[in-house]
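Contents: one structure, followed by commentary.
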Amino acid sequence: MPELPEVETIRRIVEPQVAGRTIRAVRLLQEQVIAHPAPNAFVRFLSGQKITSLDRRGKFLLFHFASGDRMVLHLRMTGQLLVTPTDFPMEKHTHLVAPLSDGNELRYIDVRRFGRFWLLRPEESEAIVGLDRLGIEPLSVDLTGAYLKEHFERRAIPIKAALLDQSVVCGIGNIYADEILYAAYLHPEEPCNHLSTRAWNRLAVTIRDIIAWGIETDSMMPEEYLAGKGKEYRNTPDLRAYGHEGKPCLRCGRTMKRVTIGGRSSCYCPYCQRKKRPV
DNA sequence: CTAGCTTCCTGATAGC
DNA sequence: TGCTATCAGGAAGCTA
């Protein structure tokens, strides 16, 4: 489920609850969620680590340890990360429980089990995780129209597919891609090589605005997060495009449509988001 | 290069 | 009510 704004929200809530704590033990209930190293080595290396900070890159969460080791987590579709009291009800599909030095527990829950953990030693390559293939952060100053144009202007892929390419700009998923294209008045199937310089500039600004808006509207109190078990993302009712097929466009009132691009559903307004004449 | 498909899973929902 | 089919916000890997 989570895209960059949701992962950032989780990071902001969880970091103050884990920073400075030591992982006392690791109970691994589902070995499948460990990508690297082998599950027994993962458990051995993780136990006793002192967490210094929690970072984010795209949709990845990075736990930094005092030892210099790092634990990386990708929640994929249904991963949930919680810090709970010991007596908090154990959710179905809990795959990892790590008691912390302050008496609370770090828990990982994942219905579909697509999420993955990696434990990286300082000398190990980020290529093991794929962090080296990530593009720039949507909120970085490097995100400009010129940057997007440089990467996509000679390509024929639909702009929707381009936004989902984590190796150019990281952290955008299917929901925010639809929201961004709606806000930028761009048809999701528009081929990248049809876009003007003005359109690339507008898109860069819109990506930043929509991602920043997502983080703002997602923000919630830790209590609220725990009560929702880390799976209720508050801005869903505020979305303007995703899931709006068949509903009137909030700008022009015309009926929103839905197409499939690269196997992903895409909602758009057929009037506000008309295809352009190639430049 | 690009489109399209499969795989990894469970659960919600729609249709019969 | 109970059955089956379809789909879900991610991403890699494969074929054509």
Side-chain angles (χ1 to χ4, degrees), chain A residues 1-10 29-36 39 56-61 72-81 91-96 108-118 126-135 138 150-182 188-194 210-211 213-215 217-218 228-246 258-268:
Chain A
M1 287 180 172
E3 302 180 29
L4 189 153
E6 289 74 39
V7 177
E8 178 60 20
T9 299
I10 293 166
L29 304 154
Q30 174 60 257
E31 297 193 338
Q32 202 184 349
V33 302
I34 310 303
H36 175 88
R56 181 191 58 70
R57 268 288 280 142
K59 302 172 195 169
F60 290 89
L61 285 166
V72 185
L73 169 62
H74 196 302
L75 303 168
R76 292 282 177 96
M77 300 279 269
T78 53
Q80 301 159 241
L81 184 68
E91 285 287 292
K92 196 178 170 186
H93 306 295
T94 298
H95 306 313
L96 186 147
Y108 181 67
I109 302 143
D110 191 346
V111 172
R112 291 173 73 180
R113 269 182 271 155
F114 291 169
R116 288 293 180 271
F117 284 90
W118 295 259
E126 293 198 331
I128 292 169
V129 182
L131 292 173
D132 60 321
R133 294 188 296 275
L134 282 186
E150 179 196 329
H151 282 271
F152 292 127
E153 72 176 337
R154 284 172 293 276
R155 302 187 59 187
I157 57 169
I159 186 62
K160 168 71 181 265
L163 288 179
L164 295 175
D165 184 344
Q166 304 296 306
S167 73
V168 178
V169 178
C170 63
I172 301 171
N174 202 39
I175 293 178
Y176 285 97
D178 278 7
E179 296 300 309
I180 289 163
L181 293 173
Y182 179 78
E189 291 173 316
E190 188 79 69
C192 286
N193 55 11
H194 285 193
I210 293 290
I211 294 298
W213 166 84
I215 294 171
T217 54
D218 268 350
K229 288 157 191 158
K231 61 185 172 187
E232 279 169 27
Y233 294 107
R234 206 176 70 178
N235 73 5
T236 307
D238 302 326
L239 300 175
R240 298 190 296 168
Y242 177 81
H244 280 237
E245 70 271 19
R258 178 178 141 145
V259 288
T260 298
I261 301 168
R264 322 294 299 282
S265 75
S266 300
C267 295
Y268 68 102

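Residue numbering restarts at 1 for every chain, and letters A, B, ... go by the order of the sequence lines. Please read these numbers as outputs of a predicted model, since none were measured by experiment.
The pairing partner recorded for C:dT4 is B:dA14, the criterion being a Watson-Crick or G-U wobble arrangement whose two distances lie under 3.5 angstrom. Across all strands shown, C:dC14 forms a Watson-Crick or G-U wobble pair, both distances under 3.5 Å, with B:dG4.
Candidate nucleotides C:dA11, B:dG11, B:dA3 were compared by shortest atom distance to the side chain of A:Val111, and B:dG11 ranks first. Between C:dA11, B:dT10, B:dT2, one nucleotide has an atom nearer to the side chain of A:Ile157 than all others, and that is B:dT2. Relative to the side chain of A:Arg258, the nucleotides B:dC9, C:dA11, C:dC7 differ in distance, and C:dC7 lies closest.
Under the stacking definition used here (centres under 5.5 Å, planes under 30°), the residue A:Phe114 qualifies as stacked on the base of B:dC8.
Distance A:Asp132 CG to C:dA12 P: 11 Å, rounded to the nearest Å. One atom, CG of A:Leu164, and another, C1' of B:dT2, lie 15 Å apart when rounded to the nearest Å. Note: CD (A:Glu91) to P (B:dT10) measures 16 Å, nearest angstrom. Going from atom CD of A:Glu245 over to atom P of C:dG9 covers 10 Å, rounded to whole Å.
Looking at A:His194 and A:Ile159, their side chains never come closer than 4.5 Å, going by heavy atoms from C-beta outward. At least one side-chain heavy atom of A:Lys160 sits less than 4.5 Å from a side-chain heavy atom of A:Asn174. Taking the side chain as every heavy atom from C-beta outward, A:Asp165 and A:Arg155 approach each other to under 4.5 Å.
Here A:Arg155 reaches the OP1 or OP2 of B:dT2: one of its side-chain N or O atoms lies under 4.0 Å away. In this model, the phosphate group of C:dG9 is approached by a side-chain N or O of A:Ser265 to a distance below 4.0 Å at OP1 or OP2. Dashed line: the shortest gap from a side-chain N or O of A:His93 to OP1 or OP2 of B:dG11 is under 4.0 Å. Within the 4.0 Å cut-off from OP1 or OP2 of B:dT10, not a single side-chain nitrogen or oxygen of A:Lys92 is found. Contact annotation: A:Tyr242 reaches the phosphate of C:dG9 (side-chain N/O to OP1 or OP2, under 4.0 Å). Taking 4.0 angstrom as the limit, A:Arg113 places a side-chain polar atom (N or O) nearer than this to OP1 or OP2 of B:dT10. In this model, the phosphate group of C:dA11 is approached by a side-chain N or O of A:Lys59 to a distance below 4.0 Å at OP1 or OP2. Phosphate contact (OP1/OP2 of B:dC8, side-chain N/O of A:Gln32, threshold under 4.0 Å): absent. Contact annotation: A:His74 side-chain N/O to C:dA11 OP1/OP2 distance is under 4.0 Å.
Ring-plane geometry between A:Tyr108 and A:His95 is classed as tilted, the angle between the planes lying from 30 to 60 degrees on a 0 to 90 degree scale.
Between A:Asp178 and A:Arg240 there is no salt bridge, since no side-chain N of the basic residue sits under 4.0 Å from a carboxylate O of the acidic one.
Positionally, the nearest nucleotide of DNA chain C for A:Gly263 lies more toward the 5' end than for the other of A:Val129 and A:Gly263.
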